[in-house]
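Step one of this worksheet: look at the structure below.
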Amino acid sequence: MMDLEWGEDFAALADVSKSVFARYSPLEDRSNEVPFVDQVAQFAELGWLELGDPTGADADSPALGTIAGVFVEMGRALANTPLLDLMMARDAALAIGTEISAGFAERIGSGEAVVIPVFPSAEWGSAVTCENGVLRGIALAVGYADRANSFLVHASTGESIVAIVDSSSAISIEAMPNMGGHPMFAVTFDNVPVADTVVLARGGDADRAVEVAEQRGAVLRAAQVYGSALRLLDITVLYAQQRHQFGGPIGRFQAVQYLCSDIAVAAHLTSAHARSAAGAIGAGLDPQPHIGLMRKQAAKAALQIVHSAHEVHAGIGYMVESNVHLFTDAAKRWQYDFGSEARNDAEIVSALDRIYTGASR
């Protein structure tokens, strides 16, 4: 049985992260806004852009469960940063495992290059193709695309490739309006030539590198949901203690206690699934069943925690003065990141079928 603890140095890394993200948190001060370049510079100085090694070659590199400490505190602060995007680009480059891709990973890790992953999801209507050495298509909800020096593009239709593409080659980078005001963009490519020199991987190697980066990214995003759920639970319990109706605090009512309990249960189930997935990845096991279950739970939790919090806060939760609606805004983005329930169910069934039939992937 796998150990479901977080990583060895989780607490130490989380403690450092707590003080860092206090500067970024809209919960502390709505005017908190750290410039993008300063964020990247700080993450590079802290060494966070070099955390983890998906290949397992670096024995001294922290485990995914340790790195999660950063993202739990990011979620607790409700900080919006490009850290996950940059780490996913680096993870994919490292997973490819060539000298050229390792060079790109090093530049991302040092903060020298801002490389944003463009991994289109057909589920949401995105499609980027590479045929006859030409890139075409549109990728939706690409975070921080307007700040990228380069894109790490996965074209999965036609010839499957992962390539480094200069951001100026996109014919348009359009902001996508969304309720949370997140930096999400639609990136369009049209007849962009892709030379062999910028193709880092092809075929199964390309698809596998992206899968590795997406799996690791999903674990860290789930850790972020867990952290935000803990913070929202604190806010909601405090409100239930301070808000008085019918001669006493509303927290004395069993219905309110159930709603607070729902937030706690959702938080800890998400944590358990994230630790399970991180453990499977670290142990070199097939992580897909763990990842599928984790995505399904984390997407459900993102909805559950804000629903229950709004039930307790009632109308005040929608007021500008309340922080509850900020969690709602974030939750809508996180649900998108984890994919639809249908997709997650299909992945779980496929993974379980492989386990019980002994079929290879």
Side-chain angles (χ1 to χ4, degrees), residues 44 48-64 67 82-122 126 128-131 133-135 137 139 142-145 148-167 169-170 187 189 192-221 278 280-282 284-288 291 360-361:
W48 288 358
L49 298 179
E50 298 177 307
L51 288 174
D53 178 8
T55 69
D58 184 358
D60 296 327
S61 186
L64 190 59
I67 301 168
L83 181 59
L84 183 59
D85 303 84
L86 295 170
M87 290 180 69
M88 286 179 64
R90 176 180 175 271
D91 281 347
L94 286 175
I96 289 169
T98 66
E99 186 175 344
I100 294 175
S101 67
F104 278 108
E106 185 176 348
R107 292 181 63 206
I108 297 169
S110 68
E112 176 187 348
V114 177
V115 180
I116 296 296
V118 176
F119 300 159
S121 170
S126 298
V128 175
T129 67
C130 183
E131 295 179 343
V134 175
L135 209 61
V142 179
Y144 300 94
N149 303 136
S150 306
F151 296 125
L152 188 69
V153 180
H154 180 220
S156 55
T157 307
E159 181 188 9
S160 183
I161 65 167
V162 170
I164 289 285
V165 178
D166 192 279
S167 59
S169 65
V187 180
F189 302 99
V192 177
V194 180
D196 289 342
T197 53
V198 300
V199 176
L200 302 184
R202 298 180 185 272
D205 290 340
D207 295 338
R208 178 57 185 155
V210 171
E211 182 181 45
V212 167
E214 289 184 330
Q215 288 175 343
R216 292 172 65 87
V219 171
L220 298 178
R221 184 68 89 194
I281 290 172
L285 304 175
D286 178 6
Q288 197 55 53
I291 294 290
S360 59
R361 297 194 66 181

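Predicted model only: the values in this text are computed from it and were never measured. The basis for the numbers below is simple: all heavy atoms, side chains too, and nothing from hydrogens, waters or symmetry mates.
Within the 4.5 Å cutoff, side-chain heavy atoms of V165 are placed close to those of F189. Counting heavy atoms from C-beta outward, D85 and P117 have side chains that approach closer than 4.5 Å. A heavy-atom distance below 4.5 Å is not found between the side chains of E106 and E112. In this structure the side chain of V162 never reaches within 4.5 angstrom of the side chain of R208, judged on heavy atoms. Residues I291 and V219 are in side-chain contact: their nearest non-hydrogen atoms beyond the backbone lie under 4.5 Å apart. L220 is listed as a side-chain neighbour of L64, based on a closest heavy-atom distance under 4.5 Å.
S167 approaches F151 most closely through the heavy-atom pair CA-CE1, 3.6 Å. For the pair P62 and I67, the tightest heavy-atom approach, listed with the atom from each and the gap, is O-CD1, 3.8 Å. Between V115 and A89 the shortest heavy-atom distance is O-CB, 3.3 Å.
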Residues 91-98, side-chain donor-acceptor partners within the protein, below 3.5 Å, at least two apart:
residue	atom	partner	partner atom	Å
D91	OD2	R216	NE	3.1
T98	OG1	S101	N	3.1
T98	OG1	S101	OG	3.0

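At least one donor-acceptor pair closer than 3.5 Å links the side chain of D53 to the backbone N or O of D58.
In this structure, the separation between CG on L200 and CG on L152 is 6.0 Å, given to the nearest 0.5 Å. Here the CG-NE2 distance, from D207 to H154, works out to 4.0 Å after rounding to the nearest 0.5 Å. Taken to the nearest 0.5 Å, the CZ atom of R107 stands 7.5 Å off from the CG atom of N149. In this structure, the separation between CD1 on I116 and CE on M88 is 10.5 Å, given to the nearest 0.5 Å.
Judged as a ring-ring contact (aromatic ring centres under 6.0 Å, His included), and not counting sequence neighbours, F104 has no contacts. With sequence neighbours left out, the salt bridge (charged side-chain N to carboxylate O under 4.0 Å, His left out) criterion links R90 to no other residue.
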